[in-house]
Amino acid sequence: MIRIDEITDKVASYIEKPDLELIQKAYIFAAEAHTGQTRLSGEPYLSHPMSVAKILADMTLDEATVVAGLLHDTVEDTKTSIDEIEELFGEEVADIVDGVTKISKMQFESKAVAQAENIRKMILAMAEDIRVLMVKLADRLHNMRTLDFQNSVKQRLISQETLEIYAPLANRLGLHRTKVELEDLCLKYLKPDVYEQIDQGVAAHHTSGNDYIDKVIGLINGMLAENNIKGRVAGRTKHRYSIYNKMQQQELGLDQIFDLIAFRVIVPSLKDCYAALGLIHSIWKPVTGRFKDYISIPKANMYQSVHTTVIGPDGERIEIQIRTEEMNRVAEYGVAAHWQYKEKGKKGSNRDAERFTWLRQILDWQRDLQDPREFMASLRIDLFQDEVYVFTPRGDIKELPEGATPVDFAYAVHSKVGDHCAGAKVNGRLVPLGTPLKNGDRVEIISDSHRNPSRDWLKFVKTARARTRIKQYIRTEERARSITLAKEMLEKEGRKIGINVAKAMKDGHFLKLAEEFALPSVDELLSQVGYARLTPRKVLQKLYGLLHVGEKLVDDPRERKAQDAPAAAAAAADAFKIKKSEGIKISGVDDVLVRFASCCNPLPGEPIVGYVSRGRGVTIHAADCPNLKDLESERLVSVAWDGVEDKPYPAKIRIVCRNFKGALSQVTALLTIDNVNIDSGTFQSSVDGNAVMEFTVEVTNLTQLYGVLDKIRNIDSVTEAVRVS
């Protein structure tokens with residue numbers, strides 16, 4: 001376990017006259033608070049906050065942040081209160097700890113909602129003080145380093161969240177080292193077979209490529225010396241996740257990735273950066289489309305560097321990054337390299353604040369997103385994608401995610417500009433509104449006060465701001481249509497069973513009915529019916545309980561018997577009943593037909609989301625199903641597994657193995673032993689000597705599926721065994 005001296009010595013190395021007594025005091029307090037607690041590894045729980053504090057010290061953060069790292073779990077996992085933290089360690093430390101603490105004592109309708117609210121709280125807190133996120137990232141990094149002690153299902157769930165939220169946040173803060181390590185660890189647990197293959201390939205390449213690295217470093221150093229440019233050169237192997245990304249994007253095998261090595265040239269000044277670039281291009285041919293100048297236009301996290309890919313010695317592709325010492329420091333430590341805490345309570349300079357325009361943008365649109373699933377989907381989009389930089393007609397720069405369109409640009413300028421966007425010119429030429437923008441484009445929006453947002457825009461917009469505003473407009477328009485539709489549906493259904501719906505509304509019965517459903521108004525009740533969240537039958541069934549037998553609500557004499565005969569009323573009530581699928585609990589709704597989506601085949605144990613289909617009940621999707629992004633968010637409902645039967649559910653798996661006699665029998669024998677039935681399958685062999693098997697199997701839950709996949713991976717001939725959707 002890390003010793004407190006290691007942390008205090010590190011802090012003393014970069015802070016003049018540090019408050020080491022405060023750190024020692026926090027260490028003693030944390031040790032007493034966590035007494036008797038252990039981690040899954042068997043280590044004392046104190047080892048975790050100590051490791052978090054050491055990571056923060058390695059980031060060269062101030063004493064308050066390091067102290068918060070030591071105390072970050074005391075409020076959540078012990079009897080300590082925030083007030084006690086504030087009294088002993090000050091308001092600054094207490095605010096950071098409070099920002100990091102999960103809202104574990106609150107009750108949420110599903111794990112997805114709880115996750116979204118935790119992330120939302122963290123973002124709100126880090127807007128006040130970015131150190132909240134620094135502590136949270138350090139906490140997540142250590143948890144990922146020790147993830148071996150969790151079961152395979154939790155490993156995948158935690159890794160997926162880390163890859164989608166925390167690694168992109170680290171990237172936004174310019175914490176390159178943290179981002180790289182998080183991504184590599186996520187790959188290790190999400191795709192262990194792929195990680196192992198890349199790891200072995202990189203190790204082999206590193207061994208054989210050392211001479212080549214030395215050769216290139218020598219050539220660049222000689223070139224700089226000849227031209228009186230002082231500098232240093234380093235070569236490194238790219239990290240595993242970036243290699244995997246390239247393999248996926250370009251559909252390449254590991255043996256087809258040639259630029260596994262990247263070189264970094266560090267020079268004294270900005271002028272020397274471009275001088276070195278010119279020298280490199282003068283002797284090695286640059287690869288078209290592989291030059292990026294992040295010095296002229298820095299990234300949102302203030303990263304600055306010139307990137308170029310050239311055909312180097314022996315015809316090998318090599319990537320070279322050129323930057324100054326200061327740029328390199330920012331590239332490695334990001335915001336930690338600039339965030340200063342020399343005065344108590346100081347939260348950074350105005351220049352520092354400019355680095356967080358993206359954070360303010362997230363805060364702007366998150367206030368409009370009430371649905372936690374929509375919030376999380378938008379957050380993933382805004383954090384994960386690379387940026388493009390485009391210009392307004394006046395020359396102002398707008399930062400947008402890669403693939404953004406003129407509609408995204410219009411909403412980035414102003415909400416009203418987006419709402420009334422009728423056309424766009426890019427570099428002086430009219431283009432379709434769905435045209436992806438490129439770095440350096442000059443964009444002009446053509447407005448028309450009679451033009452309104454279109455649902456079609458949702459098919460191509462990339463920013464959360466644009467998507468939120470478009471959906472708000474559509475909701476307003478659709479709400480009016482849904483109320484009209486609901487009235488028609490209720491009146492039609494009411495005629496079948498002898499209820500005059502129009503008269504019931506006029507007499508105020510629907511106001512009482514809305515109260516029965518815990519809804520604030522009749523319009524809200526009707527919109528729920530129009531959006532198919534409530535069925536007309538369910539509403540009319542409730543209405544029976546509010547009406548008195550014999551009250552004249554029917555105009556057709558042939559239907560009067562429905563009021564006068566209790567038996568007929570009971571029969572009509574029975575007609576309302578819809579068979580409920582076992583094993584699913586739907587928030588706020590009972591007796592609704594449900595079915596499982598075939599696109600993702602959700603399994604008991606994994607997060608799920610429901611989608612209300614008109615006339616078809618609720619379709620259950622896995623929470624990470626890619627098709628959810630194309631569905632109307634207002635028709636998504638919170639669902640959860642509830643008393644699941646021990647019955648088979650379909651799941652699709654893919655197995656890649658060496659193509660030899662007996663390979664299929666090995667796999668099927670293992671599935672038989674684990675009581676997993678094969679419903680259907682396909683087999684295909686390739687020229688590289690491998691075979692690909694794809695099965696639809698029947699399992700009882702997620703744990704059984706991942707358990708059998710782990711066993712299949714242990715077969716010597718198998719190189720990949722994964723779940724597919």
Side-chain angles (χ1 to χ4, degrees), residues 1-12 15 18-105 118 121-122 125-126 129-150 158 162 166 170 175 177-178 181-182 185 336 341:
M1 189 169 77
I2 292 169
R3 294 180 296 107
I4 190 63
D5 290 347
E6 296 177 54
I7 297 171
T8 53
D9 289 348
K10 182 66 179 178
V11 172
I15 295 181
D19 189 353
L20 300 182
E21 288 185 7
L22 187 68
I23 297 174
Q24 288 280 0
K25 180 180 176 183
Y27 163 67
I28 295 169
F29 185 89
E32 291 176 350
H34 292 295
T35 298
Q37 296 179 350
T38 58
R39 307 198 83 209
L40 290 177
S41 62
E43 290 181 295
Y45 193 87
L46 184 63
S47 64
H48 172 62
M50 291 289 284
S51 298
V52 171
K54 180 61 166 60
I55 292 169
L56 294 167
D58 288 337
M59 290 180 182
T60 66
L61 289 165
D62 68 320
E63 304 101 306
T65 313
V66 175
V67 168
L70 287 166
L71 303 172
H72 77 277
D73 274 338
T74 54
V75 174
E76 182 180 347
D77 295 336
T78 75
K79 296 180 179 179
T80 306
S81 67
I82 283 293
D83 291 339
E84 191 175 356
I85 296 291
E86 182 174 350
E87 182 181 347
L88 293 172
F89 301 98
E91 182 182 356
E92 190 177 11
V93 172
D95 286 345
I96 299 173
V97 173
D98 187 40
V100 177
T101 302
K102 294 176 185 175
I103 1 176
S104 54
K105 295 179 182 177
N118 281 325
K121 182 185 180 188
M122 183 181 70
M126 76 192 205
D129 191 337
I130 203 68
R131 293 174 293 181
V132 169
L133 180 54
M134 310 294 269
V135 176
K136 189 63 185 174
L137 286 172
D139 172 53
R140 180 52 62 105
L141 179 57
H142 185 251
N143 283 333
M144 288 298 299
R145 287 174 178 174
T146 55
L147 203 57
D148 276 342
F149 300 98
Q150 294 282 3
I158 293 170
T162 301
Y166 291 99
L175 301 170
R177 291 184 179 182
T178 302
E181 187 174 354
L182 286 175
L185 287 168
Y341 302 103

Taking [X] for the side chain and [Y] for the main chain, is one N or O donor matched with an acceptor at less than 3.5 Å?
X: Glu76; Y: Asp73; result: no
X: Lys25; Y: Leu88; result: yes
X: Thr65; Y: Leu61; result: no
X: Ser47; Y: Glu43; result: no
X: His72; Y: Gly69; result: yes

Whether over 12 other heavy atoms sit under 6.0 Å from Gln37 CD: yes
Less than 4.5 Å apart, any side-chain heavy atom of [X] and any of [Y]?
X: Gln24; Y: Ile7; value: no
X: Leu70; Y: Phe29; value: no
X: Phe89; Y: Val97; value: no
X: Met59; Y: Arg177; value: no
X: Val66; Y: Lys54; value: no

Evaluation steps, side chain to side chain contact (heavy atoms under 4.5 Å, CB included), between Arg39 and Asn143: CA-CA 11 Å; Arg39 307 198 83 209; Asn143 283 333; 2.9 Å; yes
For [X] and [Y], work out which heavy atoms get closest and say how close.
X: Pro18; Y: Ala12; value: CG-CA, 3.9 Å
X: Val132; Y: Val100; value: O-CG2, 3.6 Å
X: Thr162; Y: Arg140; value: OG1-NH1, 2.8 Å
X: Leu46; Y: Tyr27; value: CD2-CE1, 3.9 Å
X: Ala26; Y: Val67; value: CB-CG1, 3.6 Å
X: Arg3; Y: Met50; value: C-CE, 3.7 Å

Can you tell me how far the [atom1] atom of [X] sits from the [atom2] atom of [Y], to the nearest 0.5 Å?
X: Thr38; Y: Tyr45; atom1: OG1; atom2: OH; value: 10.5 Å
X: Thr78; Y: His34; atom1: OG1; atom2: NE2; value: 6.0 Å
X: Ile23; Y: Glu63; atom1: CD1; atom2: CD; value: 6.0 Å
X: Asp95; Y: Ile82; atom1: CG; atom2: CD1; value: 8.0 Å
X: Leu22; Y: Thr8; atom1: CG; atom2: OG1; value: 12.5 Å
X: Asp58; Y: Glu6; atom1: CG; atom2: CD; value: 9.5 Å

Carboxylate-amine/guanidinium proximity below 4.0 Å for Arg131 and Asp62: yes
Audit row: Tyr166, Met144, side chain to side chain contact (heavy atoms under 4.5 Å, CB included) steps and yes/no: CA-CA 11 Å; Tyr166 291 99; Met144 288 298 299; over 6 Å; no
Residues Asp19, Glu21; criterion side chain to side chain contact (heavy atoms under 4.5 Å, CB included); working and verdict: CA-CA 5 Å; Asp19 189 353; Glu21 288 185 7; 3.8 Å; yes
Side chain to side chain contact (heavy atoms under 4.5 Å, CB included) between Met134 and Leu175, intermediate numbers included: CA-CA 9 Å; Met134 310 294 269; Leu175 301 170; 4.0 Å; yes
